[in-house]
Amino acid sequence: MAMDNKTVRDAIQVHGTNPQFLIEKILRTRIYESTYWKESCFGLTESSIIEKAYELTSIGGQYGVQKPTEFICLVLKLLQLQPREEIVIKYITGLTENDSNKYLRALGAFYLRLVGKPVDIYKNLEPLLVDGRKLRKRGNNGYSIIHMDEFIDELLREERVCDVVLPRLTKRYVLEDTGELDPRISALEEVEMELEREREAEEAAAHGERGRSRSRSKSRSQSRSLKIKVEIQVSLELAIQITIKVPQSFARTAQATGSPTVEASAEASAEVEAEREAGAGAGAGAGAGAGAGAGAGRQTIVGAAVAAGAEVTAQTGEAEDAWIETPSSSILKNKGHKI
């Protein structure tokens, strides 16, 4: 039976000593003398110890009258076997994706904390800080309930866990300064960063929607400006046709009768032509400007054209009255002549 208390032959020293010596001699002696060690830990291997870990119902060091727990017995057995690193990582992460026994994880984490390098300890144990599963802890005062993340936090911060003095662990900030570790982002910080990314995405989407809305508004404004420009051109041409038609007829009649009002008709035609040129310039400016300015320009031009037409019509009426008052009998006969 004493042969089973020895470390395997090809074991590598850990922290400059035999791996088993990481547990104090007094506790190690009590484990060797315990019933569980003699009955359940004899002949265990890297794979068969998994079955024993699945049977665990609690973690802890000693209980009652300084009796070793089953958990600490299996820890000493792992120190004897010194399993490969990939197997220990498998204990921690779970044998399968959906099968991660919490007590096997706690056993692997405790063993890695005893024998692992500081960088490996941080990289493999810190992800377990999000594991909130409950663990039963057995001690001198009976059972208590802790959570997996609390147990992992004790392994990273405390000097003594489960009645075992842990090897000194280099501070994390020192490893960060030397570039061996990246700055750690806690679970809370990850949630905050995720919320910040969501807010930025929503703001970007809202900004893009406002940009598209402004583009559509600009297109509609340009369409309205073009439409107003066309309407102004049509109205201008129609007004010019109305204002020019009467003076042309009046000029023809005056020429036929030899009336001296031809010069007045010519002056009226010149005024209409000037109004036309001014209206054309105003129409071009209205097409390039805002819709409201264009509408005001259109009303001004049409009003000017209509006023010009009214003035010419009034002149035509005065000329007609002048013909009627002329004593010439030939002109009196033309009183009912249609202009």
Side-chain angles (χ1 to χ4, degrees), residues 1-96 99-116 120-121 124-125 135-140 142-143 146 148 151-152 154-155 160-167:
M1 186 68 66
M3 292 294 295
D4 199 50
N5 296 339
K6 293 184 178 181
T7 309
V8 293
R9 293 181 181 178
D10 56 349
I12 302 173
Q13 287 190 345
V14 178
H15 301 298
T17 185
N18 187 320
Q20 288 196 80
F21 295 169
L22 295 175
I23 295 180
E24 297 173 354
K25 183 176 181 181
I26 184 65
L27 178 57
R28 194 167 66 246
T29 302
R30 290 171 181 167
I31 292 173
Y32 292 152
E33 294 175 354
S34 67
T35 303
Y36 182 80
W37 176 266
K38 295 175 181 178
E39 293 181 356
S40 302
C41 295
F42 181 78
L44 289 179
T45 61
E46 296 174 347
S47 57
S48 60
I49 199 173
I50 297 174
E51 299 177 3
K52 297 297 181 181
Y54 271 64
E55 296 174 358
L56 290 176
T57 59
S58 63
I59 62 173
Q62 300 178 91
Y63 70 96
V65 288
Q66 305 300 314
K67 293 182 179 179
T69 61
E70 298 173 356
F71 177 82
I72 202 66
C73 290
L74 293 181
V75 170
L76 180 60
K77 192 63 182 181
L78 284 176
L79 291 173
Q80 273 190 356
L81 297 174
Q82 203 176 38
R84 298 186 302 275
E85 182 179 355
E86 56 270 22
I87 294 179
V88 178
I89 300 303
K90 206 68 177 174
Y91 293 164
I92 295 173
T93 58
L95 302 180
T96 62
D99 181 17
S100 176
N101 183 272
K102 56 185 180 181
Y103 289 106
L104 177 61
R105 169 173 286 186
L107 181 65
F110 193 90
Y111 174 76
L112 181 64
R113 175 63 180 85
L114 290 174
V115 303
D120 295 332
I121 292 173
N124 291 287
L125 296 192
L135 297 171
R136 296 178 68 193
K137 186 175 183 179
R138 193 172 189 181
N140 293 328
Y143 291 98
I146 66 170
M148 179 67 74
F151 179 64
I152 299 300
E154 288 180 1
L155 293 178
R160 190 179 187 90
V161 178
C162 296
D163 297 322
V164 176
V165 178
L166 302 176

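Bear in mind that the values here come from a model prediction, so they are computed numbers and not experimental data. Values reported hereafter were calculated over all heavy atoms of this structure, with side chains retained and with hydrogens, waters and symmetry mates removed.
The distance from the OG atom of S58 to the OH atom of Y103 is 6.5 Å, given to the nearest 0.5 Å. Here SG of C41 is found 9.5 Å from CG of L81. Values are rounded to the nearest 0.5 Å. We find the CD-CD1 distance between Q20 and I31 to be 9.0 Å, quoted to the nearest 0.5 Å. A distance of 3.5 Å separates CG in N124 from CD1 in I89, rounded to the nearest 0.5 Å. With values rounded to the nearest 0.5 angstrom, C73 atom SG is found 11.5 Å from L78 atom CG. I23 contributes atom CD1, which lies 4.5 Å from atom CG of L76 (distance to the nearest 0.5 angstrom).
In this structure, the side chains of P68 and W37 stay at 4.5 Å or more apart for every pair of heavy atoms. The shortest side-chain heavy-atom distance between V14 and L114 does not fall under the 4.5 Å cut-off. Side-chain contact between V164 and L22: absent, with no pair of heavy atoms (C-beta onward) separated by less than 4.5 Å.
Within the structure, every pair that satisfies the salt bridge (charged side-chain N to carboxylate O under 4.0 Å, His left out) test and touches residues 16-33, not counting sequence neighbours, is listed here: E24-R160. Within the structure, no pair that satisfies the ring-ring contact (aromatic ring centres under 6.0 Å, His included) test touches residues 43-62, not counting sequence neighbours. Every pair passing salt bridge (charged side-chain N to carboxylate O under 4.0 Å, His left out) that includes a residue from residues 101-110 is listed here, sequence neighbours excluded: R105-D131. Residue pairs satisfying the ring-ring contact (aromatic ring centres under 6.0 Å, His included) criterion with at least one member in residues 11-31, sequence neighbours excluded, are absent. Among residues at least two apart or in separate chains, there is no salt bridge (charged side-chain N to carboxylate O under 4.0 Å, His left out) pair with a member in residues 12-23. Among residues at least two apart or in separate chains, salt bridge (charged side-chain N to carboxylate O under 4.0 Å, His left out) pairs with a member in residues 79-96 are E46-R84, R84-E86.
Contact between Y91 and G108 at its shortest, heavy atoms only, is CB-CA, 4.1 Å. Nearest heavy-atom pair across I92 and A109 is CG1-N, 3.8 Å. Across all their heavy atoms, G43 and K77 have their closest contact at N-NZ, 4.3 Å. Q80 and T7 make their closest contact through O-CG2, 3.6 Å (heavy atoms, listed as atom of the first residue, atom of the second, distance).
A side-chain donor-acceptor contact under 3.5 Å links Q82 to the backbone of I12.
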**Request:** Just do the side-chain contact (heavy atoms from CB on, under 4.5 Å) check on T57 and R138 with the steps written out, would you?
**Result:** CA-CA 9 Å; T57 59; R138 193 172 189 181; over 6 Å; no
**Message:** Test side-chain contact (heavy atoms from CB on, under 4.5 Å) on L27 and Q62; report intermediate values, then the result.
**Reply:** CA-CA 9 Å; L27 178 57; Q62 300 178 91; 3.5 Å; yes
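Residues satisfying the side-chain hydrogen bond (donor to acceptor under 3.5 Å, both in side chains) test with N101, not counting sequence neighbours, are none. Remark: E70 engages no residue in a salt bridge (Lys or Arg N to Asp or Glu O under 4.0 Å) (not counting sequence neighbours). For K52, the side-chain contact (heavy atoms from CB on, under 4.5 Å) criterion is met by Y36, S40, L44, E55, L74, not counting sequence neighbours. The side-chain hydrogen bond (donor to acceptor under 3.5 Å, both in side chains) test applied to T45 returns S47, S48, not counting sequence neighbours. By the side-chain contact (heavy atoms from CB on, under 4.5 Å) test, F71 pairs with L56, I59, T69, V75, A106, L107, F110, F151, C162, sequence neighbours left out.
Few gaps surround CD on Q66; more than 12 heavy atoms of other groups in view lie less than 6.0 Å from it.
A salt bridge between R113 and E154 is absent, with no side-chain N of the basic residue lying under 4.0 Å from a carboxylate O of the acidic one.
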